[in-house]
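What follows is a short report on a single structure.
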Amino acid sequence: MQRDLFDEEHDLFREAVREFMAREVVPHHPQWEKDGIVPREVWKKAGELGMFGFSVPEEYGGSGVSDFRYNAVVVEEIIRHGASGLGFSLHNDVMAPYLVDLTDDGQRQRWLPGFVSGELITAIAMTEPGAGSDLQGIRTTAVREGDHYVLNGQKTFITNGVNADLVVVVAKTDPAAGARGITLIVVERGMEGFGRGRNLDKVGMKAQDTAELFFDDVRVPVANRLGPAEGEGFVQLMNNLPQERLSIAVAAVAAAETVLEQTIAYCKSRQAFGRTIGSFQNTRFVLAELATETEIARHYVDKCVRALNARELTAVDAAKAKWWTTELQTKVIDRCLQLHGGYGYMTEYPVAKAWLDSRVQTIYGGTTEIMKEIIGRSFGF
Ligand SMILES: Cc1cc2nc3c(=O)[nH]c(=O)nc-3n(C[C@H](O)[C@H](O)[C@H](O)COP(=O)(O)OP(=O)(O)OC[C@H]3O[C@@H](n4cnc5c(N)ncnc54)[C@H](O)[C@@H]3O)c2cc1C
């Protein structure tokens with residue numbers, strides 16, 4: 001079925017992003033995987049091309065266009081080019097709503113121009129060694145002292161954790177108040193007491209920096225709090241998580257489509273028993289099933305993108321998209337790897353890299369089990 005999500009301007013933008021990927025990313029990505037990080041310069045080059053902060057108002061350097069289809073184009077092209085080291089979707093899809101919608105004018109002036117140009121790389125620090133799914137179980141505290149908060153605690157698994165200049169930290173300002181005692185506070189590079197731990201060694205996404213962060217009596221001005229009052233952090237997170245989950249779902253479907261295309265081409269050329277492996281009924285049936293499920297997923301996700309643009313995407317819609325498409329992604333890639341035989345296990349084949357990169361998709365942004373909890377709760381049990 002024809003995809004009808006995009007207009008001509010999105011297609012033109014996609015062409016520019018493709019060119020950027022081919023020129024600035026693909027030739028260097030293997031080296032970045034060895035380095036465990038992407039150089040900051042590539043962020044600036046992407047910023048020059050206008051790849052960040054579509055929804056940022058023009059007065060702060062953005063385009064002022066709240067159209068998630070542009071975000072989707074960037075995510076899809078990153079996936080199609082195997083550029084899993086670029087933490088752009090975290091910056092663009094996850095962080096933009098925090099920095100655009102929850103900031104005051106002073107914060108916008110300080111942060112948004114750099115956000116758009118790629119000079120300020122962002123991250124969000126929710127997860128701690130002792131609390132991931134159970135966000136209310138975090139222990140990081142922010143104690144008010146005059147015009148500052150004094151921040152203490154530890155975070156882990158933070159995407160862009162090494163490169164980040166601005167980190168939105170989820171902290172407890174009132175530990176006795178449960179969800180109502182959580183506040184979002186922006187910690188900036190160079191603040192005294194803000195330390196970074198190891199760049200964590202992951203199964204896949206080898207070029208993406210994922211780090212531990214430490215906060216030891218970090219004095220953060222109250223002017224760095226997101227929102228007009230303390231205690232709003234949990235609600236702010238819940239409001240923004242659907243967009244984060246949709247971004248992950250967009251990536252999941254793009255990955256399934258990409259690997260399917262590659263596998264179909266492989267099955268046309270690889271020979272066994274004097275015929276192409278695509279001529280075996282099993283191969284055709286496996287590919288037929290995977291192609292059907294992927295196309296169905298594609299249409300649900302595209303509908304979610306339209307719903308998000310219309311501000312109608314619910315937490316339940318996004319949870320459904322997230323768990324189902326990421327589980328599908330891991331299944332599609334695993335079966336496609338099988339169809340590659342031994343070559344599928346060799347890292348020089350894109351399917352092997354996709355297999356390693358994809359495994360985390362059912363975990364971060366809220367696990368499959370937590371997504372099912374969100375959906376299950378909506379039945380009113
Ligand atoms: C590569 C990577 C990047 C990440 N990036 C970020 C980031 O940028 N910022 C950030 O804050 N975090 C980030 N995370 C953290 C990620 O969001 C968490 O790992 C995830 O939410 C799960 O939390 P956890 O690891 O503590 O697992 P746990 O919460 O300990 O869960 C362990 C298992 O128990 C299950 N479980 C937990 N609670 C329930 C329940 N109520 N019912 C049923 N099953 C349950 C889970 O589904 C899971 O299978 C990242 C993680 C990875 C691996």
Side-chain angles (χ1 to χ4, degrees), residues 90 94-108 110-111 122-161 164-197 211-245 314-315 318-319 364-367 370 373-374 377-378:
L90 193 283
V94 180
M95 300 312 298
Y98 291 97
L99 297 178
V100 174
D101 302 338
L102 302 176
T103 39
D104 59 32
D105 188 49
Q107 293 171 330
R108 289 178 181 175
R110 284 160 61 205
W111 298 329
T122 57
I124 186 157
M126 304 181 231
T127 308
E128 301 185 355
S133 304
D134 177 17
L135 202 54
Q136 291 188 42
I138 59 161
R139 293 211 181 142
T140 297
T141 54
V143 177
R144 179 96 183 234
E145 278 184 15
D147 289 342
H148 287 80
Y149 287 106
V150 180
L151 210 66
N152 277 291
Q154 182 183 344
K155 299 287 179 179
T156 194
F157 304 149
I158 306 307
T159 302
N160 297 338
D165 304 288
L166 296 183
V167 183
V168 172
V169 178
V170 181
K172 285 202 165 160
T173 36
D174 184 356
R180 290 204 185 123
I182 291 177
T183 303
L184 307 186
I185 294 171
V186 179
V187 173
E188 300 180 49
R189 175 183 289 281
M191 284 183 169
E192 207 174 319
F194 170 30
R196 302 173 205 242
E212 299 169 310
L213 304 179
F214 300 95
F215 308 96
D216 184 12
D217 282 334
V218 185
R219 289 180 69 77
V220 187
V222 171
N224 279 24
R225 182 185 65 215
L226 292 184
E230 284 176 12
E232 294 178 352
F234 196 75
V235 172
Q236 292 163 340
L237 290 165
M238 292 308 119
N239 287 341
N240 286 335
L241 279 166
Q243 177 161 320
E244 172 171 356
R245 290 171 182 154
T314 67
Y364 60 16
T367 64
I370 295 300
E373 273 296 317
I374 291 170
R377 259 186 259 136
S378 74

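Since the model is a prediction, treat every value here as computed from it, not as a measurement.
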Inset, instruction - Could I get the full list of salt bridge (charged side-chain N to carboxylate O under 4.0 Å, His left out) partners for Glu232, not counting sequence neighbours? - result: none

Legend entry - Minimal non-hydrogen separation, Ala125 against Val167, with atom names: CB-CG1, 3.8 Å

Inset, instruction - With the side chain counted from C-beta on, respond yes when Leu135 and Met126 share a heavy-atom pair under 4.5 Å apart, and no when they do not. - result: yes

Legend entry - Arg219 side, atom CZ; Tyr149 side, atom OH - distance, nearest 0.5 Å: 13.0 Å

Inset, instruction - Would you kindly say whether Arg245 and Asn240 are connected by a side-chain donor-acceptor distance under 3.5 Å? - result: no

Legend entry - From CA spacing to verdict: side chain to side chain contact (heavy atoms under 4.5 Å, CB included), Leu151, Val187: CA-CA 9 Å; Leu151 210 66; Val187 173; 3.4 Å; yes

Inset, instruction - Drop me the distance from Glu192's CD to Asp216's CG, to the nearest 0.5 angstrom. - result: 9.5 Å

Inset, instruction - Could you verify whether a donor N or O on one side chain and an acceptor N or O on the other, from Thr156 and Glu128, lie under 3.5 Å apart? - result: no

Legend entry - From CG (Asn239) to OH (Tyr98), nearest 0.5 Å: 8.5 Å

Inset, instruction - For residues Val94 and Gln243, determine if any side-chain heavy atom of one lies less than 4.5 Å from a side-chain heavy atom of the other. - result: no

Inset, instruction - Sorted by first residue and then second, give each ring pair (Phe, Tyr, Trp, His ring centres under 6.0 Å) pair with at least one member in residues 164-196; sequence neighbours left out. - result: Phe194-Phe215

Inset, instruction - Using modelled atom types only, decide if a donor and an acceptor are shared between the side chain of Asn160 and the backbone of Thr122 within a distance under 3.5 Å. - result: yes

Inset, instruction - Hey, could you give me the OG1/CD1 distance between Thr127 and Ile138, rounded to the nearest 0.5 Å? - result: 10.0 Å

Inset, instruction - Of all the heavy-atom pairs spanning Gln154 and Pro129, show the shortest one and how long it is. - result: NE2-CG, 3.5 Å

Legend entry - Other residues, nucleotides, ligands: >12 heavy atoms within 6.0 Å of Arg144 CZ: yes

Inset, instruction - Please answer whether the main-chain N or O of Gly227 pairs with a side-chain N or O of Arg225 as donor and acceptor at a distance below 3.5 Å. - result: yes

Legend entry - Sidechain-backbone polar pair: Arg108 side chain, Arg110 backbone, donor-acceptor under 3.5 Å: no

Legend entry - Expected output: side-chain Lys172 to main-chain Val143 donor-acceptor under 3.5 Å: no

Inset, instruction - For Ala142 and Ala171, work out which heavy atoms get closest and say how close. - result: CB-CB, 4.0 Å

Inset, instruction - Tell me, with the steps shown, if Met191 and Val220 meet side chain to side chain contact (heavy atoms under 4.5 Å, CB included). - result: CA-CA 8 Å; Met191 284 183 169; Val220 187; 4.1 Å; yes

Inset, instruction - Compare all side-chain heavy atoms of Thr103 with those of Leu226 and state whether any distance is below 4.5 angstrom. - result: yes

Inset, instruction - Check whether any side-chain heavy atom of Leu184 lies under 4.5 Å from a side-chain heavy atom of Val169, and answer yes or no. - result: no

Inset, instruction - Using atom types as modelled and distance alone, determine if a side-chain donor or acceptor of Asn224 lies under 3.5 Å from a backbone N or O of Val186. - result: yes

Legend entry - Stepwise side chain to side chain contact (heavy atoms under 4.5 Å, CB included) test for Asp174 and Glu230: CA-CA 9 Å; Asp174 184 356; Glu230 284 176 12; 5.9 Å; no

Legend entry - Audit row: Ile185, Val170, side chain to side chain contact (heavy atoms under 4.5 Å, CB included) steps and yes/no: CA-CA 7 Å; Ile185 294 171; Val170 181; over 6 Å; no

Legend entry - Within 6.0 angstrom of Asp147 CG, more than 12 heavy atoms from elsewhere: no

Legend entry - Considering all heavy atoms, the nearest Ala315-Ile374 contact: O-CG2, 4.2 Å

Legend entry - Side-chain donor or acceptor of Lys155 paired with backbone N/O of Phe214 under 3.5 Å: no

Inset, instruction - Check whether any side-chain heavy atom of Ile182 lies under 4.5 Å from a side-chain heavy atom of Thr173, and answer yes or no. - result: no

Legend entry - Side-chain heavy-atom pair Asp104, Gln107 within 4.5 angstrom cut-off: yes

Inset, instruction - Please check if the side chain of Arg196 supplies one atom and the backbone of Ala164 the other of a donor-acceptor pair under 3.5 Å. - result: yes

Legend entry - Donor-acceptor side-chain pairing of Tyr364 and Glu244 below 3.5 angstrom: no

Inset, instruction - Please check if the side chain of Asn152 supplies one atom and the backbone of Asp217 the other of a donor-acceptor pair under 3.5 Å. - result: yes

